[in-house]
There are 2 protein chains.
Amino acid sequence: MHIRNLAAADPQLADDHSCFGCPVRDLAICNSLTQIELAVFRDSGSKRRLQPGEPLCWEGDEAAYVYTVTRGTLRLSKLLSDGRRQVTGFAFPGDFLGVTMEDEHPFTAEAVSEVELCQYRRSRFDAFVDSHPHIERRLYSAAASELAAARDQLVLLGRKTAAERLASFLLQMTRRSEQSPGKPLRATLPMTRTDIADYLGLRIETVSRELGMLKTSGLVRMVGVHELWVLDREGLELRGAD
Amino acid sequence: MHIRNLAAADPQLADDHSCFGCPVRDLAICNSLTQIELAVFRDSGSKRRLQPGEPLCWEGDEAAYVYTVTRGTLRLSKLLSDGRRQVTGFAFPGDFLGVTMEDEHPFTAEAVSEVELCQYRRSRFDAFVDSHPHIERRLYSAAASELAAARDQLVLLGRKTAAERLASFLLQMTRRSEQSPGKPLRATLPMTRTDIADYLGLRIETVSRELGMLKTSGLVRMVGVHELWVLDREGLELRGAD
DNA sequence: CGAGCGATTGATCGCCATCAAAGTGGGTGG
DNA sequence: CCACCCACTTTGATGGCGATCAATCGCTCG
């Protein structure tokens, strides 16, 4: 077999990219870099694209890379030995994947929609962090906010009813969905009902049923399967407990 | 009222302390400090003691201090508006309390047993971290391991049965309990059944019943209410799923 | 038009919560 | 020292929420 241009041969390796005009320029870890630092940083990474359903990494595999999501949604999940699945979170544009001190990925990450990421070798990333201490602060901040989200999810899974879980989830999703001023609050749900169920510790039938309840109560309205309008925000917040 | 010696008047403020001979010297955040740094750090903190049941801080209150646990066990919990409680974790000697970027405590912390902590004003602690960047790394590491633990708990709460939750919990507690070589694996359970139930997303009756099952199966044996011997570790691990 | 997958809706089951009562053990005061 | 109390734990009986099993719907794609 001939040795050929790797970037052309491997669809995972897209062409080099510029950070200027990056859609998550203000959100991501890299926003704490100066222009000069950014140029160095950029050159150590590459772009990567995933199709819906395509895995980025598997729980337990060696964590050779860290990533910043620039487009699309990923599903982060852990499995029990018998196949039961818990979705521990979703990753959206601007999110950093790589908060761990272990050598192994703490979860499986799979594309829910079409996804684009910036990818950096972990070894190089660590070296870069070592020489730019203020990035460490940014990483710590990312870890702390992931931790806060995880604790809220502990309360949801440990103590909320199915109806409360769904209401909380939908409100959470409105915060990560684009809104148009003057229009009703929206939530984009790129994931399947199975993903939602595995995130909320429920079965898909329950998710479907509770969603039905919210619809007949006039609190929300589905526009297709993946877009939802919140017609009564207060009512939904009331059902979310907290 | 007379102004008197504050340290004597306020039982929370114990006398100044030395870090040498500290029981968690090797575990805690401070273990990444040189002797000189440590001397500076120590002088900015004070010791604090809590009686069983006594609160250290309340969820939502201003987080004016950070702490390192030197003795005893704390219960970390969050409440829903109607009083349902989720214990998000326990803190043991060596653990650091203060991983957050918010101004408010992310949970209520209460002493389970008699507790001793080292206490630092958050403002001073932050300043110290600023001038000692390698501490930031240590903090990040603490956040990452808390995050990993929280994700495991998400799987437990979202997907495990009552029996599996209890088995996982007991095995987890053996890791934080002192062991004597040659003797059976032990777990010290300083917290009440209510605390365990609120940690595992169950009710106390269920905890008690499942514990009964493990006893009659010959997997464990209770020695008093707060100490447990693991008679069949493999059997217990089997019941913990994962 | 038919295959196939995801979502919805309906019927029944089972795990764990709830309600109830008895047991245990540590601390206090007589 | 013992009787009593109170909080915590254990054990028993019943019920409900969400899981499971099953059938249908609806959309996309070949």
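Note that the coordinates shown come from a computational prediction; the quantities given were computed from them, not determined experimentally. Throughout, protein chains are lettered first and strands after them, A, B, ... in sequence-line order, and every chain is numbered starting at 1. As a basis for the values below, the full set of heavy atoms in this structure was taken, side chains included, without hydrogen atoms, waters or symmetry mates.
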Original post:
Does R186(A) pair with E178(A) as a salt bridge, N-O distance under 4.0 Å?
Top reply: no

Original post:
Are any of the side-chain nitrogens in R209(B) or E205(B) under 4.0 Å away from the carboxylate oxygens of its partner?
Top reply: no

Original post:
Testing R75(A), R84(A), R85(A) for salt bridge (charged side-chain N to carboxylate O under 4.0 Å, His left out) with D198(A), which one passes?
Top reply: R85(A)

Subject >> First of V207(B) and S208(A) reached from the 5' end of DNA chain C, by closest nucleotide >> reply: S208(A)

Original post:
So do L214(B) and R239(B) actually touch side chain to side chain, heavy atoms under 4.5 Å?
Top reply: yes

Subject >> Contact residues, residues 71-86 of chain A to DNA chain D [heavy atom, < 4.0 Å] >> reply: none

Original post:
When every nucleotide of nucleotides 19-30 of chain D is labelled 5' to 3' by its protein contacts under 4.0 Å (heavy atoms), B for base, S for sugar-phosphate only, - for none, what sequence of letters results?
Top reply: SBB---------

At a cut-off of 3.5 Å, list every protein nitrogen or oxygen paired with a nitrogen or oxygen from nucleotides 4-8 of chain D, distance to 0.1 Å.
none

Subject >> Option among V220(B), L228(B), V230(B), L236(B) that satisfies the side chain to side chain contact (heavy atoms under 4.5 Å, CB included) test with L185(B) >> reply: V230(B)

Original post:
Has E227(B) got more than 12 heavy atoms of other residues, nucleotides or ligands less than 6.0 Å from its CD?
Top reply: yes

Subject >> First and last nucleotide of DNA chain C, 5' to 3', lying under 4.0 Å from heavy atoms of chain B >> reply: dC16(C) to dC19(C)

Subject >> Check ion pair E146(B)-R151(A) (N to O, under 4.0 angstrom) >> reply: yes

Original post:
For the atom pair OH (Y67(A)) and CG (L74(A)), what is the distance rounded to the nearest 0.5 Å?
Top reply: 10.0 Å

**OP:** Would you please test F90(A) and V69(A) for side-chain contact (heavy atoms from CB on, under 4.5 Å) and show each step?
**Re:** CA-CA 11 Å; F90(A) 297 98; V69(A) 183; over 6 Å; no

Original post:
Considering residues at least two apart in sequence or located in another chain, which fulfil the salt bridge (charged side-chain N to carboxylate O under 4.0 Å, His left out) criterion with D152(B)?
Top reply: K78(A)

Original post:
Quick one: does S81(A)'s side chain have a donor or acceptor within less than 3.5 Å of a partner on D242(B)'s backbone?
Top reply: yes

Original post:
Between L79(A) and T108(A), is a side-chain contact (heavy atoms from CB on, under 4.5 Å) present by the stated rule, with each step listed?
Top reply: CA-CA 9 Å; L79(A) 283 182; T108(A) 297; 5.9 Å; no

Original post:
More than 12 foreign heavy atoms under 6.0 Å from CZ of R233(B): is that the case here?
Top reply: no

Original post:
Near DNA chain C, under 4.0 Å by heavy atom, which residues of residues 160-169 of chain B?
Top reply: T161(B), A162(B)

Original post:
In whole angstroms, how far is the P atom of dT10(D) from the CD1 atom of I204(B)?
Top reply: 9 Å

Original post:
For the pair made of CD in E210(A) and P in dC17(D), what is the distance, rounded to whole Å?
Top reply: 10 Å

**OP:** Could you walk me through whether Y199(A) and M191(A) pass side-chain contact (heavy atoms from CB on, under 4.5 Å), step by step?
**Re:** CA-CA 10 Å; Y199(A) 181 54; M191(A) 66 293 289; over 6 Å; no

**OP:** Evaluate the side-chain contact (heavy atoms from CB on, under 4.5 Å) criterion for residues L166(B) and L211(B): first the C-alpha distance (whole Å), next the side-chain angles of each, then the deciding distance (0.1 Å), finally the verdict.
**Re:** CA-CA 7 Å; L166(B) 190 65; L211(B) 200 49; 3.9 Å; yes

